[in-house]
Structure formats: structure tokens, C-alpha cells
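I have placed the structure first, in the form of C-alpha cells, so that the comments after it can refer back to it.
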Number of protein chains: 2
Amino acid sequence: MSSDTSGTDTREQLMAATYRVLAERGFANLTTQRVADEADCSQSLVHYHYDTKDDLVVAFLEWVHEQETEWLETLGDGSAERRLRRFVDAQLSIPADDEHARFNVAFVELAAAAARNERYRAVLTAFSERLQATLAGIVRDGIEAGEFRQVSPEATARFLRYALQGAVQADLTLDEPEAKPQTEAAVDAYVEGMLLAERD
Amino acid sequence: MSSDTSGTDTREQLMAATYRVLAERGFANLTTQRVADEADCSQSLVHYHYDTKDDLVVAFLEWVHEQETEWLETLGDGSAERRLRRFVDAQLSIPADDEHARFNVAFVELAAAAARNERYRAVLTAFSERLQATLAGIVRDGIEAGEFRQVSPEATARFLRYALQGAVQADLTLDEPEAKPQTEAAVDAYVEGMLLAERD
DNA sequence: GTCTATACGCCGATAGAC
DNA sequence: GTCTATCGGCGTATAGAC
């Protein structure tokens, strides 16, 4: 594709290193030195590619955003109900102790930091809007296909997203073993009681 | 009541100072120096009363926990539906720009930090369990009174709590103006469609 | 592009006087 | 209990050689 300067490769390594540092140490302990160590280079090289630490983090968020976009398309097709259930499962069935789960903790930390950082917030808002559009689209498809009732796709998608996010966050940050199983049960009841069209 | 040493008053001032620093600067910028400035004392005095910064934060979380407990009893009585709606409103109708709202941002930051700090997590888990017990109790009362259907009080309370928390957090941390209004609409629909007993 | 070396500030924590 | 002074460490960012 793009025959860029060789820097592209280093930047990719720095993104991957940032991912690992965040997963292992958390956002509060993310330092340019640790990223450099993880990427096997000097700390000043990080600053050569990204003027400030904030620049590094913003670039990282955009990098994750792109990767997540690819993942969303994996949701694929099938009936609206099937796609919806796949979405719910994907959120609730992340294994508890692999690197991806540990990174999710860092993502919660970054989301919190977005409140006081405009640049983080811009990327994460775009992130959230894409998720919202995808899920609302699924609900809309379901309504058009006669699978779902005439609910508001936007409000329904939001409600589900927030409930799932709250469950995941509680699972990651508190000692609350019932967070995911009870939420899964409640979501199932919600889908059956509020969303699926009666068929009789 | 307790005729304590005069230190009690200073500690109270330090808690109040911590609250203001968190609201104005956020957890990431909470320093013992800033707390001291806000409380009009020297930084070393903070360390006299709380050996480490972590001790200060844990004491602060417990202090907030107590205050919140008092507030929860304010929910008072009335029908289960009335108490439930008061609970929902209380979460969704916090004014956007006063000190309390700004502190809520810090609370989101602290909740994220709990993932990697056992002591924070212990207090915040207790916090969450109290909320869960209160809301599940309201649902249980509603079922016993015949106001609500035979749902699972725990799963229902959890689902609502997480959805509300997700909405509040999105409102505080992202540029998402629809977070609270759309969630409110979805919660109303949920209460009417899933919770309230049919009467006809 | 990548390195070593370093400036500079801030923070948590302690020592010691009053 | 409260203060001033200070230590040691760490983090971001820059200077300058290769």
C-alpha cells in the first residue's frame, strides 16, 4: 500500500507497546519510559514520534478505534435477534484473566480520563457513536423485518449499551461476581418481554 | 457525642478539602499538597493524620460512603413505584455544572482506580452492595404489594442500576447529549412494560 | 531515526523545631 | 498538632552526538 518512510513500523511497535503497558500497569502508570522499554527503544524516541505523552495516547486511541471498527464488521449477518445476541455475548463473555480483559480495565480508566481531556473525549465519543449506530441499526432491521416491536431503536440501543457497559465495568472494578450473570438474565428477559414480537 | 481529641475537626476539614480538590482537579491531580492548600494547612499535617496518600483516599471514600448512606434513607416511603421513580430521577437529574456534578466525575475516576487497588475496591464494593440492596428491596416490596410482576428483584435492580450508571457516566465523560433523555425514556418503557402489573 | 545525557519540576514522605 | 525544611525518586521533555 503506502510506501511510507520506515517510521511507520516503529510507530506500530509503539502502539503495540502502549497496549501492553496499559494492560499490565494501567493508565495511571503509563509512562513514556515504560512504553520505550516495552518497545525496546529509548525514551527519547517515543518523543521523537509523538511530541507529547498526550499525543501518544490520542494516537493510541485512534489506533484502537480502527481495530475495533474492523471487529464490529465481524458481527456479520443473520437475523436481527441473532446479531443482537452475538453483540450481548461478545460484551459479557470476555474471559476474566487474559491480556484483553486486563486491557479493558485500562480502557475504563481512559474513559474516565476523557471527562477532563477534550482530545480523548473526541475519539471516545466517536467510538461510542459507532457502537450506538451499529446496535440501533440492528434494532431497526429487526423492526423492519417484523422480528421486533415498534420500539425506539436509538433509546433501546442506548439502554442496552449502558446496561452492558455498567455490568462489564462492575465486573472489572468491583468484587461483584453477580454482575455479569444477573445482567445476562435481565437482558434476556428484556429482549423477550420488550423486543421480540408476539407470535401466536 | 464522642469527646474526641481535637484532631477530629482537622480530619473533617481534610475530608472536605479532599472533596473540593477532587471536584476541581480530578483524582489524577489529587496531591497531598493541594489538599493541604485547600484546607489551609501544611502538607506535612496531612501526612500526620494520614500516613500515606492511599490512607487519605480510603478514609475519604469511607467518609463519602457514610454521607451517601444518610442520603439513601431520604428516599423515604410511598409506593414502590414512587420510590423507584425517585431513585431514577435522583440519578438522572443531577444539574450539569455544580460542584456535585464535578465531583461525580472524580467518583468515576475513583471507581476506575478501584480495579487496581484492593482497598478502594473494598469500600466501593460495599457502596455498590448497599445501593443494590436498597433498589432490590424496593422491587421486592413492589412485588409483595402486587404493584410489580414476579420478576427477580436482584437481577432487575442490577439491570436498572447499571443502565443508569452507564448513562450518567456517558453524560459526564463523553459528548453525548442524548445519554440521559433517551435512557430516561427507555427506563420508563421498561418500568411500564416489564415491571408494573397489568390492571384491567 | 535513534541514541545518551540531562534539565527541571513535582510528588510523597520524613526530620526536627515549636 | 502543627509548622518549615528537605531528601530521594520519578516523569516529561529537550539538547546534541551519531
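Naming convention: chains lettered A, B, ... in sequence-line order (proteins, then strands); numbering from 1 in each chain. What you see below is based on every heavy atom in this structure, not just the backbone, and it leaves out hydrogens, waters and symmetry mates. Predicted model only: the values in this text are computed from it and were never measured.
- Between the side chains of A:Arg161 and A:Ser128, a donor-acceptor pair is found at a separation under 3.5 Å.
- Comparing C:dG1, D:dG11, D:dT2 by their closest approach to the side chain of A:Thr31 singles out D:dG11.
- A 4.5 Å side-chain heavy-atom check between B:Val191 and B:Arg85 finds at least one atom pair inside the cut-off.
- Across D:dT2, C:dT2, D:dT12, the shortest atom-to-atom separation from the side chain of B:Tyr48 is found for D:dT2.
- To the nearest angstrom, P of C:dT14 lies 16 Å from CD of B:Gln33.
- For B:Ser44, whose side chain is taken as the heavy atoms from C-beta onward, the closest listed nucleotide among D:dT12, C:dC3, C:dT14 is C:dT14.
- Between A:Arg34 and D:dC10 there is no side-chain N or O to OP1 or OP2 distance below 4.0 Å.
- A:Arg20 forms no cation-pi arrangement with A:Phe103, by the criterion of a distance under 6.0 Å to the ring centre and an angle within 45° of the ring axis.
- The listed nucleotides are D:dT12, D:dC3, C:dC3; the one nearest the side chain of B:Ser42 is D:dC3.
- Map B:Asp40 and A:His47 each onto its nearest nucleotide of DNA chain D; the residue landing nearer the 5' end is B:Asp40.
- In this structure, NZ of A:Lys53 is placed 14 Å from C1' of C:dC10, rounded to the nearest angstrom.
- Of the candidate nucleotides D:dA13, C:dT2, C:dG12, C:dG12 has the atom nearest to the side chain of B:Gln43.
- Residue A:Thr32 is in sugar-phosphate contact alone, with no base atom involved, counting any heavy-atom pair closer than 4.0 Å across all strands shown.
- In this structure, OH of A:Tyr50 is placed 14 Å from C1' of C:dG1, rounded to the nearest angstrom.
- Using modelled atom types, one finds no donor on one side chain facing an acceptor on the other under 3.5 Å when comparing B:Thr74 with B:Arg86.
- The interatomic distance linking B:Asp51 (CG) with C:dA15 (P) rounds to 12 Å, in whole Å.
- Atom-to-atom, CG of A:Asn29 to C1' of D:dT12 comes out at 16 Å; the value is rounded to the nearest Å.
- Atom NE2 in A:His49 sits roughly 17 Å away from atom P in D:dT12 (whole-Å rounding).
- Atom-to-atom, CG of B:Asp55 to P of C:dG12 comes out at 13 Å; the value is rounded to the nearest Å.
- Within a 6.0 Å radius of CG in A:Asp77, other residues, nucleotides and ligands contribute 12 heavy atoms or fewer.
- Phosphate proximity of C:dT2 to A:Thr10: present, with a side-chain N or O under 4.0 Å from OP1 or OP2.
- Among the atoms of the strands shown, none is found under 4.0 Å from any heavy atom of A:Leu56.
- Toward the 5′ end of DNA chain D lies the nearest nucleotide of B:Leu45, the other residue of the pair B:Leu45 and A:Asp54 mapping further downstream.
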